[in-house]
Each structure stands twice: as structure tokens, then as C-alpha cells.
K.L.:
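The structure's right below; bear with me while I get my questions together.
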Amino acid sequence: MKIGLFDSGIGGIAVLKKLIERFPKFDYLYLADTKRAPFGTKRYKDLKEIVRDDIEILQSFGANLIVAACNTADSVATDMNISIPYISIIDSGVDMIKKEKIGVIATEATVKLGSYAKRLKGKRVVQRSLQNLVSIVEKNMNDKDFIKSVLKKSLDDEIFKCDEVILGCTHFSLVSDIFKEVLKTRVLDPSDRIVEKLAAYDESGSGEIEILVTSNLDSFRKKVQKFGILSDVNLKYRQVDIDEKSHSNIRIVGIR
Ligand code: DGL
């Protein structure tokens, strides 16, 4: 079975890493749609196109199950017609909630669309957008002190008073330890629930992990190596050039 995951960059690797650790035998295909990053500042219509295209690319490379490794993209996927099994990261996060006052820290689009809030009717939901943290994590997720200071500066009392806080952006999952240290409350990472959901499938495959990148493969590869996110597994990289202008059918214009 080949599991396809997609995100705008390195964030979804937090999900991929957890899945590989628990299910090393599945085959994985991770699409970093860096050409269209960041997703969090995009409009609803553009996000829908991204989701449609990225799933199509993953399917054309043989994925037979999709894991949304991006909350922003997943925000618009609910009312889309996806023809293969699809695991929603937002639904997974919602499943984990046990308490009443819930904090959601996410991208601009996820907050604007109220993706978690809509699914948490009856709870008190405090949403906060931390879009600038996405590029900070992309540039240097290992600068713990800086990220800590950004969190302290950006998060307000209302968030500190929440019973549980959801990391509603996979880039934030990469630095979940820093969130836990600063927030001192129950911090939920939806990818933990995705792992549980995937346990329902037969773990078949040969353990191959392939990373597809839509722009600048070398800089993406260097970034993953520099941060040591997947240092203990064998990765195969491939660049997929997509045509951003033709918005119909498949838009892969070259594979390197
Ligand atoms: N990692 C993504 C998410 O979970 C999106 C970050 C971005 O590209 O803005 O929402």
C-alpha cells in the first residue's frame, strides 16, 4: 500500500515521520508543493485547486490512500470528491479533544475558514493564527530560543487559559516540544490520531519513501538534511514540474 501525503513544505514531514516510525513497511510518497507555498495565505478557490492537483499527482505516482499532512489544504477538502480513501487531519485533531475550552493555533486560512471551530460546536474555541511561524520553521526550525520568543510574544492570555490546545498546522508539529514548554497545558498533535487511524489498514509494501518536490528540489533536500528530520531513513527525491496556469486535468509537465 502506498500512502500519499502532501503539504506546502516541510510541515507534513512531522506526520510522515510518525507514520514511518509506527508503520515502516508501508510505501510512502510525500509531496512538498513548494512552488505554491505557503498555503495559509491562499484563497478558498486556490486552495481547492491545490488539493485537487496534489491528490491527482499523488495518485498518478501510485498512492492508494491519502493522508492530509496539511490542515490548511484539509480545510477545503471536506466537500470535494476524493475517489480514494482520505484521512483528514482536522477530523483527527477533533477526535482527540476531551475538554471544553479549546485553543486552535493554525494558519491564516484555517482560522479564517473556522475549520476546527465549525467542527467543535458546543465547545469554547479560541482560534489564533500564527502564519509567520510557518516561514520561521521553514527557515530554521532548530532555533529553539527564537521560536520560543516568537510564541511568548504572539500568544495571549486567552490561549494560555485553554484546557487543551490543538496544533492546527503541521509546521507547528515539528516544534511541538517548544509549544508544550511555553503553553504548559495539554497540547494536541492531530498526527497522533492519524497513526491510530492508519492501524486499521494492512501494513503492506516494501518500505520505500519517496519525496516529490514541485520547485527547487536541492534546497528542499538540504533543508530536510540540515534539520535532521528524517535522518535515519532512506529517501528518494524527485522533482515534479507542474504548470500553474493550466487548471484542468493533470498538470505535471516534467519529472526529474
Ligand atoms: N503546514 C500547513 C498546515 O498544516 C500549511 C502551512 C502553510 O503553507 O501556510 O496548515
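As the structure lists them, so they are numbered: ligands from 1, and atoms in each ligand from 1.
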K.L.:
If the condition is side-chain hydrogen bond (donor to acceptor under 3.5 Å, both in side chains), which residues does E196 pass it with, not counting sequence neighbours?
P.N.:
R193

K.L.:
Show which side-chain atoms of residues 108-116 pair as donor or acceptor with protein atoms under 3.5 Å away, not counting sequence neighbours.
P.N.:
from : atom 1 : to   : atom 2 : distance (Å)
T110 : OG1    : T72  : OG1    : 3.4
T110 : OG1    : T107 : OG1    : 3.0
S115 : OG     : S75  : OG     : 2.7
S115 : OG     : T110 : O      : 3.4
Y116 : OH     : N71  : OD1    : 2.7

K.L.:
Stepwise, does the side-chain contact (heavy atoms from CB on, under 4.5 Å) test hold for D202 with M1?
P.N.:
CA-CA 8 Å; D202 259 352; M1 184 156 193; over 6 Å; no

K.L.:
Hydrogens and angles aside, do D189 and S191 bring a side-chain donor and acceptor to less than 3.5 Å of each other?
P.N.:
yes

K.L.:
Collect the protein residues that have a non-hydrogen atom under 4.0 Å from ligand 1 and hand them over in chain and number order.
P.N.:
D7, S8, P38, F39, G40, C70, N71, T72, T107, Q131, V134, C169, T170, H171

K.L.:
Not counting sequence neighbours, list each pair that qualifies as a side-chain hydrogen bond (donor to acceptor under 3.5 Å, both in side chains) and has a residue in residues 76-86.
P.N.:
Y44-D79, K48-D79, D74-Y86

K.L.:
For the pair K144 and E181, find out whether any cationic side-chain nitrogen is under 4.0 Å from an anionic carboxylate oxygen.
P.N.:
yes

